K.L.:
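Structure provided below as structure tokens; questions to follow.
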Number of protein chains: 2
Amino acid sequence: MSRAILAEVRKGFADQVRFTEDLVRFPSLRGQEHTAQDFIARELAKRGYGVDRWRIDPEEIRHHPGFSPVAVDYSNAYNVVGAMRPREETGRSLILNGHIDVVPTGPADMWSAPPFEPRVEGDWLYGRGAGDMKAGLAANIFAVDALARLGYRPAATLYQQSVVEEECTGNGALAALLRGYTADAAIIPEPEDNRLVRANVGVIWFRVHVRGAPVHVREAGTGGDAIGAAYTIIAGLRALEERWNAMKGEHRFFEDVDHPINFNVGKIEGGDWASTVPAWCSLDCRIAIYPGQDPHEAAREIESAVRDAAAGIAFLANSPPQVEFNGFFARGYVLEPGSEAEGLLARCHLATFDAPLESFVTPGYLDGRVFVIYADMPCLVYGPVSEAIHGFDERVSLSSTERITGAIALFIAEWCGLERI
Amino acid sequence: MSRAILAEVRKGFADQVRFTEDLVRFPSLRGQEHTAQDFIARELAKRGYGVDRWRIDPEEIRHHPGFSPVAVDYSNAYNVVGAMRPREETGRSLILNGHIDVVPTGPADMWSAPPFEPRVEGDWLYGRGAGDMKAGLAANIFAVDALARLGYRPAATLYQQSVVEEECTGNGALAALLRGYTADAAIIPEPEDNRLVRANVGVIWFRVHVRGAPVHVREAGTGGDAIGAAYTIIAGLRALEERWNAMKGEHRFFEDVDHPINFNVGKIEGGDWASTVPAWCSLDCRIAIYPGQDPHEAAREIESAVRDAAAGIAFLANSPPQVEFNGFFARGYVLEPGSEAEGLLARCHLATFDAPLESFVTPGYLDGRVFVIYADMPCLVYGPVSEAIHGFDERVSLSSTERITGAIALFIAEWCGLERI
């Protein structure tokens with residue numbers, strides 16, 4: 001049977017690549033994920049899933065401890081969940097989750113080809129979102145498709161989730177949980193190099209607003225240079241980053257990670273005019289926290305690092321920089337070893353890759369925290385080989401994606417069991 | 001006669017303030033000076049000036065050594081010149097020049113009141129452009145108006161110039177010169193604290209484009225952080241600034257200026273996403289040069305400072321930062337002491353202020369360079385007391401403006417002579 005499933009996945013793989021390419025063509029950047037979500041909803045309906053498509057209402061989820069502040073309009077922030085139910089619920093239920101949102105492309109001229117025009121070259125499928133994580137979303141759907149072509153469906157409820165906001169708040173996966181979607185396990189095929197995520201960091205986003213005192217540059221010495229001051233504050237936050245990294249020995253699974261806590265200034269904007277000492281500067285920042293670290297406590301440390309860094313700058317005395325938490329406010333998580341789900345995935349991986357499943361620790365945010373922390377579910381973040389996610393010429397390995405799809409299909413067959421359609 | 005002129009200026013001053021307020025209401029930011037220029041053209045026509053209003057065509061002026069690169073659309077970049085001609089040309093001709101363009105306001109919430117809503121409080125008229133330099137533009141027009149109310153006009157051709165682009169290229173004043181406007185002297189009532197500018201710096205604008213290598217922040221160590229690299233380049237340019245300041249002893253009139261060469265990063269933009277190591281960053285910079293320093297040579301020094309600063313950054317090896325000259329490419333100038341025009345201004349100033357005229361050296365760009373360098377004209381940059389030009393709550397002293405207007409009126413009467421209307 002395993003062999004038949006893997007053969008069927010292979011047979012369907014050309015279609016799966018086309019489907020993934022179709023997904024890449026949707027520029028599902030934050031705030032404009034809805035066209036891609038409409039496509040997913042249609043495709044799930046076509047396959048017989050019961051489709052639930054709803055707009056995330058921040059009011060409905062903001063009381064939850066896993067909620068992250070919302071800084072953008074949610075009027076097009078739709079989640080899509082397709083439910084496939086068996087005649088008789090004999091197996092274990094499963095959520096196959098993926099996110100539809102992609103990060104900005106950066107300057108188009110630094111790409112070899114247009115970022116939303118998919119392109120296959122050798123084993124690589126190129127395009128923004130190809131790896132992170134449209135290949136994974138397609139794998140979820142095509143794993144079930146392969147079983148269907150063999151005449152089977154899962155013998156337990158299976159949910160296909162396509163969520164938004166994974167790249168900025170994690171509110172999409174959280175909203176799906178709070179809408180009532182739980183199961184006996186979850187899989188998220190994020191681009192993880194054919195490995196299983198054992199633990200990951202939480203992430204906090206914040207914006208630092210620096211206000212200077214603009215003067216004509218002829219009086220440059222007397223003004224308050226907000227851009228210069230911003231760099232002093234960056235240095236203060238780098239020091240916080242190093243203090244947190246120095247604590248890695250206290251955090252299980254992170255002891256041997258080279259640099260688990262990465263601080264990043266991802267965006268900067270300041271000033272209006274070359275000949276005016278800049279009056280304002282804002283920094284969009286991201287920093288990681290360890291599993292177990294409370295985002296609220298971390299936020300206080302961030303605020304005090306900014307305050308301390310600004311203390312040496314005279315013109316900020318009466319208008320200290322403001323810290324605004326404008327996105328991720330999310331905990332990290334640990335996937336406790338030894339779950340049945342992990343054991344099964346290890347067997348499916350071995351059958352597909354002919355190699356043992358490795359687990360690792362990743363210093364990036366994952367929606368897995370929603371399932372693990374807030375629903376006590378084993379969540380297997382496990383997906384294909386990729387390169388340059390968030391970068392230029394993002395790409396995903398097709399041979400890896402095919403095998404991941406096979407492993408997921410095998411997992412479904414064992415975890416949920418199968419029934420004849 | 002002098003007393004009559006000064007009394008007439010005083011009588012007209014309430015109207016002059018209203019006129020200045022009207023000017024402040026026009027948000028004549030770069031690219032949108034045209035509505036204010038239309039107003040000036042109407043006002044000059046109403047007073048009997050022959051009005052010349054034309055759009056600056058970069059093609060017509062780009063061959064000139066005083067030309068600065070144009071980075072914006074000139075489709076609304078209109079100069080206005082009003083000519084008042086005598087029946088008989090018996091005196092010396094004169095240009096009264098001012099610029100209509102103003103710099104951006106910065107965040108409106110840092111102003112005590114809306115920046116384009118003029119407001120008088122005590123001796124101060126507040127508003128963006130009030131000092132720099134709509135009070136001066138109005139002074140030029142009302143000085144001639146006062147003479148007219150007494151029944152006189154200049155006995156030599158007098159041009160009222162309202163030019164654009166003083167805050168970014170100096171191409172407005174240059175275009176007026178190349179259209180043929182010259183005279184025996186020029187006055188520019190820039191906000192100079194009732195003093196005469198003896199010498200000023202030239203200015204160069206440039207944009208530095210840094211290109212990094214974006215990666216997911218989980219791999220932060222391997223990417224190229226363009227925002228971080230930009231800071232290294234700023235440090236390199238600060239070192240250039242200090243080298244140039246150290247040379248002040250070699251430049252006549254600048255030996256005793258505290259810090260003649262100011263380098264400013266007036267605007268910064270970089271990156272797209274908090275969780276992506278930023279792939280790009282651009283800096284809008286301004287630096288001064290001494291009179292006599294060739295902008296082309298200075299540009300080469302700037303480029304090499306950027307190159308040297310970038311040399312230590314591995315990820316820039318294959319994509320060194322680009323320097324784009326996108327505005328001022330302008331020489332400084334010296335007003336040689338001893339001209340007849342200066343001698344006359346000193347007498348008019350003494351008559352008005354009851355204090356000797358002081359001259360000084362300013363570390364900011366002035367359109368005076370166009371007249372002095374490229375037309376060999378004495379150009380008297382001399383205007384009212386102001387505060388916070390380019391800053392928040394910009395303001396100009398009304399009592400100072402009234403006296404400056406009086407001094408200009410006296411100057412016209414003596415320099416041009418007067419004839420009965």
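Note that these values count all heavy atoms, side chains included, but never hydrogens, waters or copies made by symmetry. Letters go in sequence order (proteins before strands), and every chain restarts at 1. Just so we're clear, the structure is a prediction, and the values are computed from it rather than from any experiment.
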K.L.:
For residues A:G266 and B:P278, report the shortest heavy-atom separation together with the two atoms involved.
P.N.:
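Nearest heavy atoms, A:G266 then B:P278: O-CB, 3.7 Å.
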K.L.:
Please flag which part of A:W273 lies under 4.5 Å from any non-hydrogen atom of chain B: side chain, backbone, both or neither.
P.N.:
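The answer is both parts of A:W273.
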K.L.:
So which part of B:R30 gets closer than 4.5 Å to some heavy atom of chain A, the side chain, the backbone, both or neither?
P.N.:
side chain
K.L.:
Drop me the distance from A:N264's CG to B:I227's CD1, to the nearest 0.5 angstrom.
P.N.:
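One gets 7.5 Å once the value is rounded to the nearest 0.5 Å.
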K.L.:
Out of B:C285, B:C281, B:P107, B:G106, return the one with the most heavy atom pairs under 4.5 angstrom to chain A.
P.N.:
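Going by pairs under 4.5 Å, I would pick B:P107.
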K.L.:
Between B:S319 and A:M110, is any pair of side-chain heavy atoms under 4.5 Å apart?
P.N.:
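No, too far: nothing below the 4.5 Å cut-off.
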K.L.:
Output all residues satisfying ring pair (Phe, Tyr, Trp, His ring centres under 6.0 Å) with A:H209, sequence neighbours left out; order by chain, then residue number.
P.N.:
none
K.L.:
Taking all non-hydrogen atoms of both residues into account, name the closest pair between B:R286 and A:S275 and its distance.
P.N.:
CG-OG, 3.4 Å
K.L.:
Which residues in residues 320-328 of chain A have any heavy atom closer than 4.5 Å to a heavy atom of chain B?
P.N.:
A:F328
K.L.:
Between A:I268 and chain B, which part of the residue has a heavy atom less than 4.5 Å away: side chain, backbone, both or neither?
P.N.:
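Both parts, heavy atoms under 4.5 Å.
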K.L.:
Which pairs with one or both residues in residues 387-396 of chain B pass salt bridge (charged side-chain N to carboxylate O under 4.0 Å, His left out), sequence neighbours excluded?
P.N.:
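Residue pairs passing salt bridge (charged side-chain N to carboxylate O under 4.0 Å, His left out), neighbours aside: B:R128-B:E394, B:E387-B:R395.
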K.L.:
I'd like to know whether CG of A:D109 has more than 12 heavy-atom contacts from other residues, nucleotides or ligands below 6.0 angstrom.
P.N.:
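Enclosed.
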K.L.:
Please list, in residue-number order, every residue in residues 230-238 of chain A that has a heavy atom less than 4.5 Å from any heavy atom of chain B; write 'none' if there are none.
P.N.:
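Interface residues of residues 230-238 of chain A: A:Y231, A:R238.
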